[in-house]
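Beneath this line is the structure, given in structure tokens, with notes to follow.
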Amino acid sequence: MELRVNKLLEKRILNSKVNIKNAIVMAPMTTFAGNADGTVSKEELSYYKVRSKGVGMVITATTYVSPSGKGFKGQFSACDDSFLPGLKKLAETIKGEGALAILQMFHGGRMARPDEIPSGQTISASAVAPVRPGSMIPKEMTETEIEDTIKAFGNTARLAIKAGFDGVEIHGANTYLLQQFLSPHSNRREDNWGGSVEKRMNFPMAVIEEVKKVAKEKAGENFIVGYRFSPEEVENPGITLEDTLSFIDVLSNKGLSYLHVSILDFWQGSMRDKTNTKPIITKILDKINGRVPFIGVGSIHTPEEAIKVLESGAQFIALGREIIMEPDWVSKVEMGKVSEIRTTLSKSDKDSLEIPEPLWNVIINTPGWFPITE
Ligand SMILES: Cc1cc2nc3c(=O)[nH]c(=O)nc-3n(C[C@H](O)[C@H](O)[C@H](O)COP(=O)(O)O)c2cc1C
């Protein structure tokens, strides 16, 4: 076991020269615990501090790039310079414990919360409501709104650089705006931003170009720019695995620092074709074919499970729920205390694990999400 575990603990390199001390990444997770004015809260800093010790890289909760994109109550903002002091503290907290700090950024699009955005009216690629009871029909974005939003992603990258982050992750997954442009469900446009799968890629590609341009100008080659995607949608029409394979074929040549999948179980079969139970990840990794480092994620709890994911071809392992339940995951692996790794959450753990109250409430009120013991 010890030798095999070394695979998880070995140093990695991104962008040819940025050192990462091991393969373990804290997955981006919304805390719902930012201050009401959009600044990072003390509770969030404490939550990150205990989880930044040990892991190679921390990807923060997703922040929003413009006010119209706010997706959650208690989401922290990176829309303008006024948010810099809190963002700086967040970067310092993570880096102070020895991990790389990556700011995840998004625009919620039609999944933004109407009661949390200034106009109360959501926007998206097209005026098609999400398939969810009570959802608002978004307003179709104008050309100017599209251009402004692309710029907003660049601006948030600039703020991340100023705040001292080592990189940004462009959140193109989990049904938010970038995915909404890729999706034939939410994108019915017939201009340059919609139509064929190639045209539906244009918005995410423009965001990547803008962010990379800002990174190059303001930070240089070491700044990390990653991209997260969801492989499929259940809606009809919706993103198919074939769409995604075309997309990641292009993404793999974009000079990104890494690609990061978003799935609930690393080994899951197709969400659209239930008869196909073969892991879709195999096709994704075959398509990438080593062109860009890959972060695997999804129901990975034990070192054995993490090693299996590395052996399948991923270079990094992101732990989400597991790192909430066990902030000391890496140090327990390092010290050979694998049997002491917690894989459940006890209701008495909230304070010792530094889980902010709003996050804790969402966790305990969502049955089946976390393995909770009394
Ligand atoms: C509380 C919570 C909040 C999340 N928020 C985000 C987020 O802000 N951005 C994102 O890309 N994924 C988010 N996710 C998804 C996780 O990054 C991860 O992909 C998912 O939980 C599966 O990994 P796991 O099985 O290790 O938890 C969130 C997950 C959880 C549990």
Side-chain angles (χ1 to χ4, degrees), residues 23-34 40 43-44 47-48 51 55 57-65 69-78 90 102-109 111-113 156 168-179 204 226-232 258-268 271 281 284 294-303 305-306 308-309 314 316-327 329-330 341-345 350 353-372:
I24 308 303
V25 174
M26 177 172 170
M29 286 181 288
T30 294
T31 64
F32 311 96
V40 175
E43 291 73 21
E44 286 180 300
Y47 160 87
Y48 282 107
R51 291 175 176 79
V55 299
M57 187 155 86
V58 170
I59 307 172
T60 68
T62 192
T63 187
Y64 52 106
V65 301
K70 186 172 181 187
F72 312 97
K73 205 170 164 43
Q75 184 178 17
F76 70 83
S77 164
L90 180 55
I102 308 293
L103 184 71
Q104 195 192 50
M105 53 179 181
F106 94 151
H107 186 294
M111 299 300 285
R113 273 188 63 152
T156 298
V168 287
E169 179 172 284
I170 302 169
H171 190 357
N174 301 358
T175 76
Y176 300 118
L177 187 65
L178 273 77
Q179 182 174 330
Y227 192 93
R228 192 168 209 202
F229 65 94
S230 290
E232 290 181 303
Y258 66 78
L259 291 182
H260 184 185
V261 71
S262 180
I263 39 179
L264 213 52
D265 180 345
F266 186 78
W267 301 106
Q268 74 191 34
M271 268 164 59
I281 205 73
I284 291 172
F294 185 75
I295 306 182
V297 75
S299 303
I300 304 163
H301 298 285
T302 66
E305 288 165 352
K308 238 184 107 194
V309 171
F316 293 92
I317 309 293
L319 302 178
R321 288 165 293 180
E322 181 54 38
I323 208 89
I324 289 187
M325 298 188 288
E326 181 54 276
W329 200 92
V330 174
I341 292 177
R342 274 176 287 213
T343 53
T344 57
L345 195 62
K350 176 184 164 286
L353 293 178
E354 300 281 1
I355 299 175
E357 184 92 28
L359 174 57
W360 178 260
N361 290 336
V362 175
I363 290 173
I364 58 166
N365 290 315
T366 312
W369 196 20
F370 280 68
I372 299 176

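Because only heavy atoms are used, hydrogens play no part in the values below, and waters and symmetry mates are left out as well, while side chains stay in. Numbering of ligands and ligand atoms starts at 1, following listing order. Here the structure is a predicted model, which is why all the values come from computation and not from measurement.
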Qualifying side-chain hydrogen bond (donor to acceptor under 3.5 Å, both in side chains) pairs, either residue in residues 359-370, two or more places apart: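 Every candidate side-chain hydrogen bond (donor to acceptor under 3.5 Å, both in side chains) pair involving residues 359-370 fails, so no pair, neighbours aside, qualifies.
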
When you look for heavy atoms under 4.0 Å from ligand 1, do you find them on the side chain of [X], its backbone, both, or neither?
X: Ile263; result: backbone
X: Glu322; result: neither
X: Thr31; result: neither
X: Val297; result: side chain

I'd like to know if the side chain of [X] reaches the main chain of [Y], judged simply by a donor and an acceptor atom lying under 3.5 Å from each other, with no hydrogens or angles considered.
X: Glu326; Y: Glu322; value: no
X: Arg51; Y: Ile324; value: yes
X: Thr344; Y: Pro371; value: no
X: Gln104; Y: Glu169; value: no
X: Thr343; Y: His301; value: no
X: Ser230; Y: Asn174; value: yes

Which residue holds the protein heavy atom closest to [atom], what is that atom called, and what is the gap in Å?
atom: atom 26 (O) of ligand 1; result: Gly320 N, 2.8 Å
atom: atom 17 (O) of ligand 1; result: Pro28 O, 2.8 Å
atom: atom 3 (C) of ligand 1; result: Thr30 N, 3.3 Å
atom: atom 1 (C) of ligand 1; result: Trp369 CH2, 3.4 Å
atom: atom 12 (N) of ligand 1; result: Arg228 NH1, 3.0 Å
atom: atom 20 (C) of ligand 1; result: Leu264 CD1, 4.5 Å
atom: atom 9 (N) of ligand 1; result: Gln104 OE1, 2.8 Å

Which of the numbered atoms in ligand 1 are under 4.0 angstrom from any heavy atom belonging to [X]?
X: His171; answer: 9 (N), 10 (C), 11 (O)
X: Ala27; answer: 17 (O)
X: Leu359; answer: 1 (C)
X: Thr62; answer: 8 (O)

Pair Glu354-Tyr48, side-chain donor/acceptor within less than 3.5 Å: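 No - no donor-acceptor pair under 3.5 Å links their side chains.
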
Between Thr31 and Glu44, a side-chain donor and acceptor under 3.5 Å: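 Yes, because at least one side-chain N or O of Thr31 sits under 3.5 Å from a partner of the opposite role on Glu44.
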
Do any heavy atoms of [X] fall under 4.0 Å from ligand 1?
X: Gly298; result: yes
X: Phe106; result: no
X: Ile323; result: no

Heavy-atom side-chain proximity of Ile281 to Phe294 below 4.5 angstrom: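 A side-chain contact under 4.5 Å exists here.
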
Residue pair Tyr176, His171: steps toward the ring-ring contact (aromatic ring centres under 6.0 Å, His included) verdict: CA-CA 8 Å; Tyr176 300 118; His171 190 357; 5.4 Å; yes

Closest candidate by heavy atom, reference atom 29 (C) of ligand 1, pool Met29, Gln75, Met105, Arg321: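 Closest candidate by heavy-atom distance is Met29.
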
Set of residues satisfying side chain to side chain contact (heavy atoms under 4.5 Å, CB included) with respect to Lys308, sequence neighbours excluded: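 Expected list: Trp267.
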
